[in-house]
Amino acid sequence: MKRFKKVLIANRGEIASRVIRACKELGIKTVAIYSEADSQALHVKKADESYLVGPGPISGYLNINRIVDLAINTGADAIHPGYGFLSENPKFPEVCEKRGIIFIGPSSKTIAMMGDKIESKKLMRSVGVPVVEGSEGGVGSEEEAVLTANKIGYPVMIKASAGGGGKGIRICFNDAELIKNFSLSRSEAEKAFGNPEVFIEKYIEKPHHIEFQVLADNYGNIIHLGERDCSIQRRHQKLIEIAPSLILNDELRKRMGESSIKAAKACNYRNAGTIEYIVDKNLNYYFMEMNTRIQVEHPVTEIVTGVDIVGEQIQIAMGKELDIKQEEVSMRGYAIECRINAENPRKNFIPSTGKITAYYSPGGIGVRIDGAVYKDYVIQPFYDSMIAKLTVSGRTWEETVRRAQRALDEYVVKGIKSTIPFQLKIVQDEDFLKGNFDTHFIDERLYLRDYKLQKDPFDKILAISAAISAYYGI
Ligand code: ADP
Ligand code: ADP
Ligand code: MG
């Protein structure tokens, strides 16, 4: 094992701060990079050294050669990619490897393989991990799309093979919708991900999004740290994540955990990764995709298992052998994470920018903040709108929900609009407290949907069924 003396963080925002915290606790020096727009950012202030990379607000964070040069020139041993930006670009670890810098993550080959949703599904199917029914591979024409959809039955989803962040997903209920959406999806995918390839999947109704966290060292040891339920979503993007799931029993957890380890083995996984599954009403589970990086919602797992996942990522990359055995992993209590976004929920979640004129973050028992803002910080329009994550923990589900309500109520962010009031409405919902939720939770609640101005195709159906339910009192 070679201890790192210095790590460069190729990211910004809360995840850059999170990595700096882990490095400090391990006695490792940190190098931050930033754009001009980010000169006042927290990660710049907290790192031991910070370097302006440019030009422009984004390109410096994406400039592989420049970042690797900087790592070498500053004497860093390794680079942590965070999430987003270069974290799932297979070129990044490839260049790192060539230049003798350690990339804190899996190999270039693994990233390339699992970043392609079609290829990864094929691999999973071949090793016996259940996958969602759908096209065998990419679907190149409308005719092929219609044939596939009729074979598996409507509704279906069109997904971009290179997709991520909830983008490029369309639900279709019949041939006409499929034909209408097919070419739109392809051009959207091309624009967003530089790859037009799309595929078709059976649309699972009223599902849960359940994902398993895995850790794999360089010596073939692989463990999982249990699951997260990320079903509270808006437009296929996660808003609230919890651990453990309220719907899994020990037997299912064990089976899904074993599938996850099998999945990680199949792609020669190394470092921390997440296997995402969709779970239907009858508790059948299907592989959706693997994220080959640290995930936004890792804190809920850290809280219930007590494992510092980012710390483990760094130590695995140093060549340390995993010292946690599967049978030693257990989840205690519950954790709920709320993503706090600088968006106006009353105006269709339009990003909100400008100066934060007052900031008070909640505290007290069972409250954790992973944030990147402070009073007088100016939120820029160029970046992801997530500004902080509030994670609460408790011994029971009810205690944890009450704590989330209390903490969100304490939270003060002035000068910009945030999703705090919207998050508070969710955790105050009786069904949330009862654990009655799936990925439609927000769409099915008129008072939450009222926040939106634009409607998606699902709205009409759900509005009618909600009206009927309300009329009959069911
Ligand atoms: P997580 O998968 O960690 O739960 P998200 O799906 O919200 O979280 O993704 C984390 C970040 O990475 C977001 O900023 C998202 O926009 C970005 N992201 C994820 N996948 C991609 C992708 N394929 N291309 C570009 N950005 C992505
Ligand atoms: P991304 O790469 O954008 O994260 P995912 O494939 O993980 O895309 O899907 C994002 C979300 O869309 C999931 O969390 C889930 O809520 C929903 N979803 C994805 N696939 C299906 C499916 N086959 N049936 C129903 N919902 C799905
Ligand atoms: Mg996903």
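Each ligand, and each atom within it, is numbered from 1 in the order the structure gives. Note that the coordinates shown come from a computational prediction; the quantities given were computed from them, not determined experimentally. The residues of the chain are indexed from 1 along the displayed sequence.
- Numbered from 1 in the order shown, with element, the atoms of ligand 2 that lie under 4.0 Å from a heavy atom of Gly163 read 2 (O).
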Apply salt bridge (charged side-chain N to carboxylate O under 4.0 Å, His left out) to the pair Glu188 and Lys167, showing each step before the final yes or no.
CA-CA 9 Å; Glu188 242 173 47; Lys167 293 178 203 97; over 6 Å; no
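- Taking every heavy atom of Glu289 and a limit of under 4.0 angstrom, the matching atoms of ligand 2 come to 1 (P), 2 (O), 4 (O), 5 (P), 7 (O), 8 (O).
- Sorting the N, O or S atoms of Glu289 by how far they are from the Mg ion (ligand 3) puts OE2 first.
- Within ligand 2, the atoms closer than 4.0 Å to a non-hydrogen atom of His209 are 13 (C), 14 (O), numbered from 1 in the order shown.
- For Tyr61 and Tyr34, the ring centers sit 6.0 Å or farther from each other.
- Counting the atoms of ligand 2 from 1 in the order shown, those under 4.0 Å from a heavy atom of Gly164 are 1 (P), 2 (O), 3 (O).
- Of the N or O atoms in Val132, none lie within a sub-3.5 Å distance of an N or O in ligand 2.
- The two residues Leu390 and Ile340 have their closest heavy-atom pair at N-CG1, 4.4 Å.
- The backbone and the side chain of Ile204 each have at least one atom closer than 4.0 Å to an atom of ligand 2 (non-hydrogen atoms only).
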Mind running side-chain contact (heavy atoms from CB on, under 4.5 Å) on Ile387 and Asn341 for me, showing each step along the way?
CA-CA 6 Å; Ile387 54 168; Asn341 295 345; over 6 Å; no
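- For the side-chain hydrogen bond (donor to acceptor under 3.5 Å, both in side chains) condition, the pairs that include at least one residue of residues 298-314, sequence neighbours left out, are Arg18-His298, Arg18-Glu302, Arg18-Asp308, His80-Gln313, Arg228-Thr301, Asn271-Gln313, Glu302-Arg368.
- Contact atoms of ligand 2 toward Tyr203: 24 (N), 25 (C), 26 (N) (distance under 4.0 Å to a heavy atom of the residue).
- Considering backbone and side-chain atoms alike, Thr439 places every N or O at 3.5 Å or more from each N or O of ligand 2.
- For atom 9 (O) of ligand 2, the choice among Val131, Ile169, Ile278 with the nearest heavy atom turns out to be Ile169.
- Looking at Glu205 against ligand 2, nothing comes within 4.0 Å, counting heavy atoms.
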Start with the C-alpha distance between Tyr154 and Phe173, add both sets of side-chain angles, then the distance that settles ring pair (Phe, Tyr, Trp, His ring centres under 6.0 Å), and finish with yes or no.
CA-CA 5 Å; Tyr154 285 101; Phe173 289 87; 8.5 Å; no
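- For the side chain to side chain contact (heavy atoms under 4.5 Å, CB included) test, residues two or more places apart in sequence or in another chain that qualify with Pro90 are Ser108, Ile111, Ala112.
- Heavy atoms of Lys117 come nearer than 4.0 angstrom to ligand 2 in at least one pair.
- Across Leu424, Ile369, Val367, a single residue satisfies side chain to side chain contact (heavy atoms under 4.5 Å, CB included) together with Tyr411, and that is Ile369.
- Residues Tyr277 and Tyr286 place their aromatic rings such that the two centres sit no closer than 6.0 Å.
- Looking at Glu276 and the Mg ion (ligand 3) together, the shortest N, O or S contact belongs to OE1.
- Taking every non-hydrogen atom of Gln233 and a distance limit under 4.0 Å, the qualifying atoms of ligand 2 come out as 11 (C), 13 (C), 14 (O), 15 (C), 16 (O).
- Considering CD1 of Ile324 and CD1 of Ile223, their distance stands at 4.5 Å, rounded to 0.5 Å.
- Taking every non-hydrogen atom of Glu276 and a distance limit under 4.0 Å, the qualifying atoms of ligand 2 come out as 7 (O).
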